[in-house]
Amino acid sequence: MDSINPHSGQTIATYEPYDDARVDHLITAADTAFHAWRTTPFAERARLMRAAGAVLRARQDELAILMADEMGKVLKDGLAEIGKCADCCDFYAVNAEQFLSNQVVATDAAKSYVAFDPLGVILAVMPWNFPFWQVFRFAAPSLMAGNVGLLKHASNVCGCALAIQEIFEEAGFPRHVFTTLLVEGSRVEPVIRHPLVRAVTLTGSTPAGKSVAGIAGSELKKSVLELGGSDAYIVLEDADLALAVTACVKSRLVNGGQSCIAAKRFIVVRPLIAEFTRRYVEQFKKVRFGDPKDVASDMGPMARADLRDQIHEQVQQSVAQGALLLTGGAIPDQPGAYYPPTVLAGVKPGMRAFDDEIFGPVASIIEATDEADAIALANRSVFGLGSAVFTADKDRADRVARQIEAGSVFINGLVKSDVRLPFGGIKQSGYGRELSSYGIQEFVNIKTVFHAAAPK
Ligand code: NAP
């Protein structure tokens with residue numbers, strides 16, 4: 001498994017995948033660790049989780065460089081990601097016990113309550129785009145709930161995958177409470193089917209999600225899926241246009257456009273579309289892309305050359321289908337997996353720029369006749385992850401928000417994940433929730449305990 005620096009194209013490390021015997025041994029060791037970990041008091045789990053946060057903060061510079069080298073994230077974004085992971089550790093250290101405390105329910109029993117027991121070994125299949133954040137937002141709640149974690153990370157970020165196990169060990173977690181498995185995607189199936197693996201979560205593309213969910217379903221194991229998106233940002237005629245354009249540009253370029261909740265479709269009502277498009281293109285043209293370790297770069301390369309080529313193909317086909325290319329759209333003549341910020345206008349349903357998820361810095365501008373048309377266009381997608389609405393009218397914003405088929409709707413701002421709020425999607429963006437109290441309850445046995453009343 002090779003780590004290839006997408007800026008230089010050079011192979012920076014090669015990792016030997018773990019063989020089947022080693023994988024089996026690690027799963028068994030994880031299950032053994034679970035039996036001690038599940039009875040470890042919350043206060044001790046919280047102490048260790050805070051320590052993991054402290055290790056992350058102490059190692060933030062080195063970890064940001066690792067991400068820049070393995071998948072091209074610019075350093076300032078890498079530092080912010082590590083800070084967010086540390087905050088997530090602290091959040092669950094503080095709140096997990098309360099989120100999972102017994103809930104007494106008045107019934108005809110002498111006493112009845114709901115308890116939340118851990119399930120055991122949970123497998124996490126994770127993507128490269130936020131190589132630390134995606135993992136910590138699974139691991140912090142799962143370990144605090146008393147589960148143990150197995151990580152199968154994306155094959156191009158093995159260095160990050162191993163660093164995460166090291167962080168938990170350095171923080172003092174017992175061995176095998178968190179284990180990285182270096183295996184390719186094609187070898188996930190036997191891990192899901194392993195009798196000691198109780199559940200699986202996958203963050204990644206919709207095809208990978210369908211495959212993992214199918215295998216988990218055939219074993220009757222719980223799954224959570226955080227998949228792709230084609231988030232719609234609706235700009236209504238009473239919007240603050242300057243604010244809307246800035247937010248729409250920023251959201252499309254988060255992580256070089258390689259974010260599940262990056263805005264992808266900009267649905268603008270007719271009276272504003274000409275001015276919105278003019279300002280949008282102007283701002284896109286100013287974006288500097290280059291070496292992710294150069295502080296002058298706003299954006300690095302795409303994570304892999306094959307992914308960059310896929311983006312280019314989607315753009316070219318969209319143009320062939322009638323979209324107007326306003327800027328970008330050509331692979332730059334330089335080494336590395338670079339793709340320029342690209343704007344497509346006149347995008348309509350049936351074009352790839354409307355129907356697909358484009359996982360890179362490509363904006364699709366779509367015209368709507370009015371509010372109802374904008375909502376219909378937003379919902380005309382197989383995905384349902386995030387969405388945003390720009391309007392000066394708060395009541396109108398709430399009314400529109402409730403009609404959008406998505407896991408979150410943000411008003412007059414960018415869609416983002418916040419550890420205090422549930423995160424996830426509907427339709428082909430997946431199911432289940434991460435973060436907040438909802439996230440920690442995904443991988444627990446919600447158990448009824450009932451003390452029968454003494455006979456009268
Ligand atoms: P990906 O190709 O689906 O890979 C994600 C993970 O799944 C990797 O570890 C990959 O392993 C593994 N995998 C791929 N195919 C598999 C299969 N058939 N069975 C089991 N495992 C499989 O996605 P990606 O390119 O890394 O990430 C980009 C996608 O993730 C985008 O669609 C994005 O929207 C989505 N995403 C969603 C969220 C969310 O919260 N909803 C967050 C971030 C990203 P290998 O690397 O070994 O192939």
Side-chain angles (χ1 to χ4, degrees), residues 1-4 6 15 17-18 70-73 81 123-138 150-158 160-161 164 180-193 197 200-216 223-231 254-264 302-311 314 337 356-360 381-386 406-408 415-418 421-435 439 442:
M1 297 162 90
D2 293 328
S3 281
I4 298 170
Y15 301 85
Y18 296 177
E70 283 200 314
M71 47 70 66
K73 193 183 295 280
E81 180 169 340
L123 171 67
V125 183
M126 290 288 152
W128 47 263
N129 62 338
F130 291 91
F132 284 83
W133 170 241
Q134 305 294 357
V135 178
F136 275 88
R137 77 181 190 185
F138 149 74
L150 295 178
L151 168 64
K152 179 274 176 278
H153 218 323
S155 293
N156 55 327
V157 291
C158 288
C160 295
I164 295 170
T180 290
L181 302 178
L182 292 189
V183 291
E184 310 87 330
S186 56
R187 289 177 57 219
V188 168
E189 178 165 357
V191 182
I192 299 172
R193 294 199 188 281
V197 172
V200 57
T201 180
L202 176 131
T203 301
S205 60
T206 298
K210 286 183 179 174
S211 165
V212 161
I215 297 161
S223 59
V224 166
L225 300 178
E226 298 286 355
L227 309 178
S230 183
D231 287 10
V254 169
N255 205 36
Q258 303 165 113
S259 167
C260 53
I261 49 165
K264 286 161 194 148
M302 302 297 96
R304 297 194 316 249
D306 62 305
L307 295 171
R308 186 271 313 273
D309 294 346
Q310 188 182 318
I311 294 163
Q314 288 170 306
D356 289 9
E357 176 185 45
I358 300 188
F359 213 57
S381 170
V382 293
F383 299 109
L385 192 55
S408 68
V415 179
K416 47 191 175 192
S417 57
D418 181 320
L421 291 166
F423 183 93
I426 59 169
K427 298 159 78 176
Q428 301 222 346
S429 295
Y431 50 73
R433 290 294 178 264
E434 292 191 299
L435 304 177
E442 288 287 0

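Whatever order the structure lists them in is the order used to number ligands and atoms, beginning at 1.
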- Near Gln134, which atoms of ligand 1 are under 4.0 Å from a heavy atom of that residue? 42 (C), 43 (C)

- Message: My understanding is that only residues two or more places apart in sequence, or in another chain, count here; which of them pass side chain to side chain donor-acceptor pair (under 3.5 Å) with Ser223?
- Response: Tyr431

- Query: Can you list the ligand 1 atoms lying under 4.0 Å from a non-hydrogen atom of Ser155?
  - Reply: 45 (P), 46 (O), 47 (O)

- Item | Residue-ligand contact Arg137/ligand 1, heavy atom below 4.0 Å | yes

- Met126 heavy atoms within 4.0 Å reach ligand 1 at atoms 6 (C), 8 (C), 9 (O)

- Here the pair of heavy atoms bringing Thr203 nearest to Gln134 is CG2-OE1, 3.7 Å

- Task: Apply side-chain hydrogen bond (donor to acceptor under 3.5 Å, both in side chains) to the pair Thr206 and Gln428, showing each step before the final yes or no.
- Result: CA-CA 6 Å; Thr206 298; Gln428 301 222 346; 4.9 Å; no

- Query: With a 4.0 Å heavy-atom cut-off (strictly under), which part of Phe359 contacts ligand 1: side chain, backbone, both or neither?
  - Reply: side chain

- Could you tell me which atoms of ligand 1, counted from 1 in the order shown, lie closer than 4.0 angstrom to a heavy atom of Val125? 6 (C), 7 (O), 9 (O), 12 (C), 21 (N)

- Query: Which atoms of ligand 1 are found less than 4.0 Å from any heavy atom of Ser211?
  - Reply: 18 (N), 19 (N)

- Task: Name all residues meeting the side-chain contact (heavy atoms from CB on, under 4.5 Å) criterion together with Asp356; count only those two or more places apart in sequence or in a different chain, and write none if there are none.
- Result: Gln314, Arg352

- Option with minimal heavy-atom separation from atom 19 (N) of ligand 1, where the choices are Ala303, Gly185, Gly386: Gly185

- Minimum-distance protein heavy atom relative to atom 32 (O) of ligand 1: Glu357 OE1, 2.6 Å

- Task: With heavy atoms under 4.0 Å as the rule, classify the contact between Asn156 and ligand 1 as side chain, backbone, both or neither.
- Result: neither

- Query: Is Lys264 in polar range of ligand 1, meaning some N or O pair under 3.5 Å apart?
  - Reply: no

